[in-house]
Trainee: 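Got a structure for you, written out below as structure tokens; questions coming shortly.
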Amino acid sequence: MQRQNKTLLRTAAIVLLLICLAVYLRFKGNAGTLLKLTGLTRSFIYIGLFGAWGVSVWRRIVQKQVRRYLLVVSVLIVFWMAMRTAKYFLVMDPSGDRLIWYAYYIPMLFIPLMSLFVALSLGKAENDHLPKWTAILYVPTTILVLLVLTNDFHQLVFTFPPGAGVWTDEAYAYNICYWFVIGWEVLCAVTALAIMLFKCRIPKSRKALWLPFVPFLLSLLYGIMYVAGVPWLMTIAGDITALQCLLYSAIFESCIQCGLIQSNTGYDLLFPVSTISAQITDKDYNVVYSSVSELPKPVLRQTEAGTVALDRNTLFKGCSIRAGFVVWQEDVTELADTMDELRENQEQIKHANDVERENYNTRRLISQLREKNRLYDLLQEQTAKQNALLSSILDTYYQTDDEEKRKKLLAKAAVFGAYIKRKGNLVFLREQNEFMPAAELSLCLNESMQNLELMGVKCELTLTLEGMIAAAAVSRIYDMFQAVVEAALERLAGIWVHVSERAGDVVAHIEVVCSADLSTLELCGVMAVHEDDGTWSLTLRLPKGGEVE
């Protein structure tokens, strides 16, 4: 705070010295010494001061809208001083002088309006804009400006003597619209100050908050005395433009200094009491302000690349600002504890998932074993007869020594073995799919017939089916074929199987050449018919899309 006070006092001293120099030059010019040179020098001093104040405002004010309106104010003040300089030192034509005099009222009317917009913008977010209704305020201001600029046509603002050959600001009177102009200026200014006081939330003394009213009242009092034409005032402070511009600037600067308008200053006060661990450095990372113990430059420079972790609980971050950097520390203890808790929970969940996965795998294995057992039981149930016959044949095989008889027994065993094998495949396939390729039936019949040929049986298969057929139909046809073989096996000489599709049905026709009586064969309604040539004929018709029970 001490450093900031020194800077403020030094700036105020320089400004005061320049103002005193400008006043001195005015007196010298009024005394007739180098009037034009002293006048121009004085104008340039004021224009430089107001321009520098505008740059200072642009650097100090944080809120974007407030900054823009204050910059407009500084431009209007510089414009006012430029018009004054042109009027007294550059333009020699009376009509031109009068028009420049009228132009004074452009900044005189718009500066109070900008102050009102500044007050309305205070406390708003960075990118907020004023409500659309505020644009209405431009209407009376613009109308009053136009009334002044067109005064030569109606003289509602200023009146001139009837017989005056040249109208100048040395001989004129005020008309009714002039008081509307002054009233609008005062109304905007008073409203702006009232809104600023109402919005202020800074815990300062009331004396400090009333500081902007001092230059405001001085400006109002000066305007009244100037209009009244007080002689001593005209001698001491007759330059109304310069004085009013100084007072306007003083009003806004007072608002900034007492906190009515927030500025980007006061870090000497902020940092010692701040709970945020932060530092502000220049471009070379020399610490200017700090609320914590200063860190080495190498550590500060690391923030250019991103966030730096000082330890488990502290992060160090940085950001570029005008003329330097701001770096700050963030305490992430709670976040780190939360992360540790999350990791612990993750491990527990992972362990629980592993246990659940093992339990699931075990249940799945048990289900698979149960399903296999069920299928084996189903296969055992459906091939129980063939298994018994195969076992009987093998027992006989091991008990006989006749080589020729043993070959016949092995061939017979191969026939039953082929059926058991293929029946098992059909059982498993039927559990998985309701339909299967017609080629699967061909494989079953061909393998069985190949083994029958080992017994000297002549076999022939004709299968014209294509595509998918019901698994139940395949199983039914193969079971019928095996039943016929088992019934005629001992006296079987030949067998011919023809499977085709007719009108969407699967038709299986079997012709058997044997001396056995097949009339007693029971095949779910399929009867064996003895033909005239001595063969037996059986026909089974099933829907291709599924067996009809």
Side-chain angles (χ1 to χ4, degrees), residues 50 53-54 57 61 63 65-81 83 102-124 128-149 151 156-158 174-200 209-227 240-241 243-258 260-262:
F50 298 135
W53 179 74
V57 165
I61 302 304
Q63 213 274 348
Q65 294 299 319
V66 174
R67 185 168 66 239
R68 289 177 178 174
Y69 289 129
L70 287 177
L71 184 62
V72 172
V73 169
S74 68
V75 171
L76 289 171
I77 291 175
V78 171
F79 171 77
W80 194 355
M81 288 301 303
M83 291 294 100
Y102 291 163
Y104 286 2
Y105 285 85
I106 297 175
M108 288 176 64
L109 282 163
F110 275 99
I111 288 175
L113 180 62
M114 292 301 108
S115 67
L116 181 57
F117 288 162
V118 167
L120 293 173
S121 300
L122 294 177
K124 294 185 177 295
D128 281 356
H129 297 279
L130 291 179
K132 293 182 178 180
W133 66 264
T134 56
I136 299 175
L137 298 175
Y138 283 105
V139 175
T141 306
T142 304
I143 291 175
L144 292 174
V145 168
L146 293 176
L147 279 173
V148 176
L149 294 178
N151 183 72
L156 293 176
V157 182
F158 304 107
Y174 302 108
N175 206 344
I176 184 170
C177 287
Y178 175 81
W179 305 112
F180 284 113
V181 171
I182 299 302
W184 181 250
E185 292 179 18
V186 175
L187 177 62
C188 290
V190 171
T191 305
L193 288 174
I195 293 175
M196 289 182 188
L197 283 174
F198 177 77
K199 288 186 175 183
C200 181
L209 293 179
W210 283 97
L211 180 63
F213 284 91
V214 175
F216 172 73
L217 293 175
L218 288 176
S219 174
L220 190 61
L221 179 62
Y222 176 81
I224 295 173
M225 296 175 68
Y226 187 88
V227 171
I240 185 173
T241 300
L243 189 58
Q244 289 289 43
C245 287
L246 287 172
L247 290 173
Y248 286 171
S249 301
I251 292 172
F252 288 109
E253 188 61 31
S254 299
C255 292
I256 295 173
Q257 292 300 323
C258 71
L260 291 177
I261 299 177
Q262 297 177 357

Trainee: Rounded at 0.5 Å granularity, tell me how far CG in Leu116 sits from CE in Met196.
Mentor: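 If we round to the nearest 0.5 Å, Leu116:CG and Met196:CE are 8.5 Å apart.
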Trainee: Considering only residues two or more places apart or on different chains, which pairs with a residue in residues 243-253 satisfy salt bridge (Lys or Arg N to Asp or Glu O under 4.0 Å)?
Mentor: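 For residues 243-253: Arg60-Glu253.
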Trainee: What's the spacing between Leu193 CG and Cys255 SG if we round to 0.5 Å?
Mentor: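 Spacing of CG (Leu193) from SG (Cys255) equals 5.5 Å.
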Trainee: Listing request: all side-chain hydrogen bond (donor to acceptor under 3.5 Å, both in side chains) pairs with a residue in residues 177-194, at least two apart in sequence or in separate chains.
Mentor: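 Of all non-adjacent pairs touching residues 177-194, those that pass side-chain hydrogen bond (donor to acceptor under 3.5 Å, both in side chains) are Thr141-Trp184.
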Trainee: Just do the side-chain contact (heavy atoms from CB on, under 4.5 Å) check on Val57 and Leu71 with the steps written out, would you?
Mentor: CA-CA 7 Å; Val57 165; Leu71 184 62; 5.8 Å; no
Trainee: Output, in order, the C-alpha distance, side-chain angles, deciding distance and verdict of side-chain contact (heavy atoms from CB on, under 4.5 Å) for Val190 and Phe216.
Mentor: CA-CA 9 Å; Val190 171; Phe216 172 73; 3.4 Å; yes
Trainee: Distance from Thr142 atom OG1 to Leu147 atom CG, nearest 0.5 Å?
Mentor: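 So the gap between those two atoms works out to 11.0 Å.
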Trainee: Taking the side chain as C-beta and beyond, is there a heavy-atom pair between Ile111 and Phe252 under 4.5 Å?
Mentor: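 Ile111 reaches Phe252 side chain to side chain.
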Trainee: Roughly how far apart are Phe50 CZ and Phe79 CZ, rounded to 0.5 Å?
Mentor: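 Between atom CZ of Phe50 and atom CZ of Phe79 there are 15.0 Å.
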Trainee: Mark yes when over 12 heavy atoms from residues, nucleotides or ligands other than Leu146 sit less than 6.0 Å from its CG; otherwise mark no.
Mentor: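 Buried by this count: over 12 neighbours within 6.0 Å.
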Trainee: How long is the span from the CG atom in Leu137 to the CG atom in Leu120, to the nearest 0.5 Å?
Mentor: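 Interatomic distance, Leu137 CG to Leu120 CG, rounded to 0.5 Å: 7.5 Å.
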Trainee: Would you say Leu130 and Ser121 make side-chain contact, with heavy atoms under 4.5 Å?
Mentor: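 With C-beta onward as the side chain, the pair touches.
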Trainee: With ring centroids as reference points, do Tyr105 and Phe158 lie under 6.0 angstrom apart?
Mentor: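 That pair passes the under 6.0 Å test.
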Trainee: Rounded to the nearest 0.5 Å, what separation is found between the CG atom of Leu70 and the CD1 atom of Ile256?
Mentor: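 Separation between the atoms: 5.5 Å.
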Trainee: Compile the donor-acceptor pairs under 3.5 Å between side chains in residues 243-251 and protein atoms, sequence neighbours left out, one pair per line.
Mentor:
{"from": "Gln244", "atom 1": "OE1", "to": "Ser219", "atom 2": "OG", "distance (Å)": "2.7"}
{"from": "Ser249", "atom 1": "OG", "to": "Cys245", "atom 2": "O", "distance (Å)": "3.0"}

